[in-house]
Amino acid sequence: MENAEIAGIFDEIADLLELRDENPFRIRSYRNAAQSIRNLSDRLADLTDQGHDLSAIPNVGDATAKKIHEILETGVCKRLESLRKQVPPGLPDLMRVPAVGPRKAMQLHRELNIESLEELKHACEAHKVRDLDGMGKKTEETILQGIATVQSTAGRMLYQEAAEHLDSLAEHLDTVAAIDRWEVAGSYRRGRETIGDLDVLVHAKDRTKATEAILAYNAIGRVIGRGKERVSVRLEAGLQIDFRFFDAAAFGAAWMYFTGSKAHNIRVRRVAQENKWKLNEYGLFKDDHRLAGKTEKAVYARLDMRWVAPELREDRGEVEAARQGGLPRLVDLDDVRGDLQCHTTASDGKHSIQEMAQAARRQGFDFLAITDHSKRVTMANGLDDEAARKHADAIREADADMKRFWLMAGIEVDILKRGNLDLNEKTLTAMDWVVASVHYDRAMGRKAMTDRIVTAIASGVIHCLGHPLGRIIGRREPMAVDMDRIIEACVDHNVCLEINCQPDRLDLPDTFCRDARDAGVTFTLGTDAHSTDGFRFMPLGVKVARRGWLRKTDVLNTKTITALKKALRK
DNA sequence: GCCGTTTTCGGCCCGACTGTTTTCAGTCG
């Protein structure tokens, strides 16, 4: 069983305990444990096999460790099974609806016998909900809208999608005279791969005017709420945006608070508590005296911590590192000098070698690897040995025409079912750059898939493993592989791991990057551009790298042409 | 249920908004 499923079990236990109105701290413990498990890069099943003490995992104590063993051995958790018998099965679903929490869900079930979203919808439409204690007409309408939201958006959108909405919003906000300053916070600022909603902090002398101007934004579908401190709206596209007003003296503390993560905040707040201080969104306080709040840096500094980059604020050891001066100096978009994966019309790209090269140069890159598909990818018109060699010649011809730029003759060669490569050794060794990827025959066991990939890594002719987990966010689960073995093979054979920058791939995911980095693996960033505008996804890959604690020296794309050529001489 | 270089017991982050209420509970982030 995979970590995500086990985390899901603990979240479900937390939901059910909440519905039963049990000890809120116990409920939070289950949620914390679930989150820590999701953050793990090692599989619980492996840790158990190797005899590790699971209670060493943060937020996992003896009781949870015991349950994990039980789940791994029997496939079920007795605690969950017994809770399921005590709570009607549809109630956790009801809690997914905004404005419906455990109390209302229970009340709806108790008094109207509601057990599903459909039943709740019908009850609202029949105006039965408004007669319940503490509910009214407004509640009914809110619930109906909430159900529509849950059913249409299923929660989160890709980072890139949110980024595009934010770009449009920025154009509007930047024209508002009443707004002195605005910043985006939340999971967007931390660079998570999917975004639930956008948090925007606003500093404005006249909040009424600022609110009116914000509400004039033409992409707003409806206004969820408005007050002196906050305005919440939902765009027609479904994305919720919360605007919050803060004075300049509190802005840094607020930015920190709303950037999160929640787990990071709690840990930082504990540092404040050690000093008998209080940290909230208005600042760091000793009694009623504000010690800091204007900037994030000032708040962290007062707590004797270095400023923590938002991408690191996930409670993965960054607070301790910030206190001990052990934070990494993260790779930056400005450090990136080139792109190591893209496609042209030779396979499934939209533009020619020259068009891609010119676009890369406009992007400010010094080098670009052209890596078209090999023949196994028939759908993409993949190249056979002869075509690949001719294509490499064409790339080098184009390269000869370019000054102070290296157009690399590359290939994305398929890793076939038994780990052999789709092109012969002679073709591959003639290339400047070889990315090897799995595209087909994904349905195989964990061991077989790992063997397959390790065989390719050990071939001696590849430079890089492309989109290592093969996942498509929201559509295709990552392949089951033993990442430790893959990392080990990469170190042994001096093969890089790619961070694929496509918005719905972002593969390798951040949690694995850090382990691989610690083991000594070098990474590459590949936009996997299929047209000239595909290079714009590079910042997404950099975000992943930063979330994975990667430094400039961990990323091959940061090298100069000379240094890159030297590094590739095997 | 977790956690501890003050603690193995007794804490556990903190505030705003909404709707339905006359003082607050529930929800959310």
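The sequence lines fix the lettering, A, B, ..., with proteins before strands; numbering per chain opens at 1. Not measured: the values here are computed from a predicted model.
- Proximity of residues 113-144 of chain A to DNA chain B (heavy atom under 4.0 angstrom from any strand atom) is restricted to A:Gly134, A:Met135, A:Gly136, A:Lys137, A:Lys138, A:Thr139.
- Heavy-atom contacts from other residues, nucleotides or ligands closer than 6.0 Å to CG of A:Asp62 number 12 or fewer.
- Donor-acceptor pairing under 3.5 Å, judged by distance alone, is absent between the side chain of A:Tyr282 and the base of B:dG15.
- The interatomic distance linking A:Leu279 (CG) with B:dC13 (P) rounds to 12 Å, in whole Å.
- Of the P atoms belonging to B:dT21 and B:dA16, the separation is 24 Å, rounded to the nearest Å.
- Set against B:dG29, B:dC14, B:dG1, the side chain of A:Asp197 has B:dG29 as its closest nucleotide.
- Side-chain contact between A:His289 and A:Leu291: present, with at least one pair of heavy atoms (C-beta onward) separated by less than 4.5 Å.
- Straight-line distance from the CD1 atom of A:Ile37 to the C1' atom of B:dC2: 13 Å, rounded to whole Å.
- Judged by the 6.0 Å distance and 45° axis criteria, A:Arg244 is not positioned over the aromatic ring of A:Trp255.
- The C1' atoms of B:dG11 and B:dT6 are separated by 14 Å, rounded to the nearest whole Å.
- A:Phe25 comes within 4.0 angstrom of a nucleotide base, judged by non-hydrogen atoms across all strands.
- Checking B:dT8 for Watson-Crick or G-U wobble geometry (two distances, each under 3.5 Å) identifies no partner in any strand.
- Annotation: the span from A:Asp15 atom CG to A:Arg20 atom CZ amounts to 14.0 Å, rounded to 0.5 Å.
- Between A:Leu19 atom CG and B:dT27 atom P the separation is 10 Å, expressed in whole Å.
- Looking at which nucleotide of DNA chain B each of A:Lys278 and A:Phe258 is closest to, the 5′-most match is held by A:Lys278.
- Between the C1' atoms of B:dT18 and B:dT23, the separation comes to 15 Å (whole Å).
- If you check B:dC3, B:dG1, B:dG29 against the side chain of A:Ser29, the one that comes closest is B:dG1.
- Heavy atoms of A:Lys66 sit nowhere under 4.0 angstrom from any nucleic acid atom.
- B:dC2 and B:dC13 have their P atoms separated by 15 Å, with the value rounded to a whole Å.
- Rounded to whole Å, the distance from CZ on A:Arg20 to P on B:dG1 is 13 Å.
- A:Val97 comes within 4.0 angstrom of sugar-phosphate atoms only, judged by non-hydrogen atoms across all strands, and of no base.
- Among the protein residues, A:Arg26 comes within range of the nucleic acid bases, having at least one heavy atom under 4.0 Å from a base atom.
- Across the interface with DNA chain B, nearest-nucleotide mapping of A:Gly225 and A:Ile266 shows A:Ile266 to be the residue nearer the 5′ end.
- Listed pair A:Asn265 / B:dC13 fails the phosphate criterion, with no side-chain N or O lying under 4.0 Å from OP1 or OP2.
- Closest approach to the A:Lys276 side chain among B:dG29, B:dT6, B:dC2 is made by B:dT6 (side chain taken as heavy atoms from C-beta onward).
- Atom CD1 in A:Ile13 sits 11.0 Å away from atom CZ in A:Arg31 (nearest 0.5 Å).
- OP1 or OP2 of B:dG29 has not a single side-chain nitrogen or oxygen of A:Arg244 nearer than 4.0 Å.
- Nucleic acid contact class of A:Arg226 (heavy atoms, under 4.0 Å, all strands): sugar-phosphate only.
- Other residues, nucleotides and ligands place more than 12 heavy atoms under 6.0 Å from the CZ atom of A:Arg110.
- At a threshold of 4.0 angstrom between heavy atoms, the contacts of A:Asn23 include nucleobase atoms, whether or not backbone atoms are also involved.
- Atom name C1', nucleotides B:dC3 and B:dT8: the rounded distance is 10 Å, in whole Å.
- Here, B:dG26 and B:dT20 have their P atoms 14 Å apart, quoted to the whole Å.
- Expressed to the nearest 0.5 Å, how far CD of A:Glu18 lies from CZ of A:Arg26 amounts to 14.0 Å.
- Classification of the A:Phe246-A:Phe258 ring pair by plane angle, with boundaries at 30° and 60°, yields tilted.
- With its glycosidic angle more than 90° from 0, B:dT22 is assigned anti.
- In this structure, the side chains of A:Val176 and A:Trp182 stay at 4.5 Å or more apart for every pair of heavy atoms.
- Side-chain proximity of A:Asp242 to B:dT27, B:dG1, B:dG29: nearest is B:dG29.
- Using a 4.0 Å heavy-atom criterion, one finds that A:Pro24 contacts no nucleic acid atom at all.
- Comparing atom distances between the A:Glu281 side chain and each of B:dC2, B:dC13, B:dG15 picks out B:dG15 as nearest.
- The listed nucleotides are B:dT6, B:dG1, B:dT27; the one nearest the side chain of A:Tyr30 is B:dG1.
- Between the side chain of A:Lys228 and the base of B:dT18, no donor-acceptor pair under 3.5 Å is found.
- Taking 4.5 Å as the limit, every side-chain heavy atom of A:Lys543 sits out of range of all side-chain heavy atoms of A:Leu333.
- Distances were taken from every side-chain heavy atom of A:Ala63 (C-beta onward) to each of B:dG26, B:dG15, B:dG1; the shortest belongs to B:dG1.
- Regarding A:Gln145, its CD atom lies at a distance of 18 Å from the P atom of B:dT27, rounded to whole Å.
- As rounded to whole Å, 11 Å separates atom P of B:dC13 from atom CZ of A:Arg267.
- Look at A:Arg230 and you won't find any side-chain N or O under 4.0 angstrom from OP1 or OP2 of B:dA16.
- Taking atom C1' on both nucleotides, B:dC14 is separated from B:dT7 by 24 Å, rounded to a whole Å.
- Taking every side-chain heavy atom of A:Tyr257 into account, B:dC14 is the closest of B:dC14, B:dG1, B:dT27.
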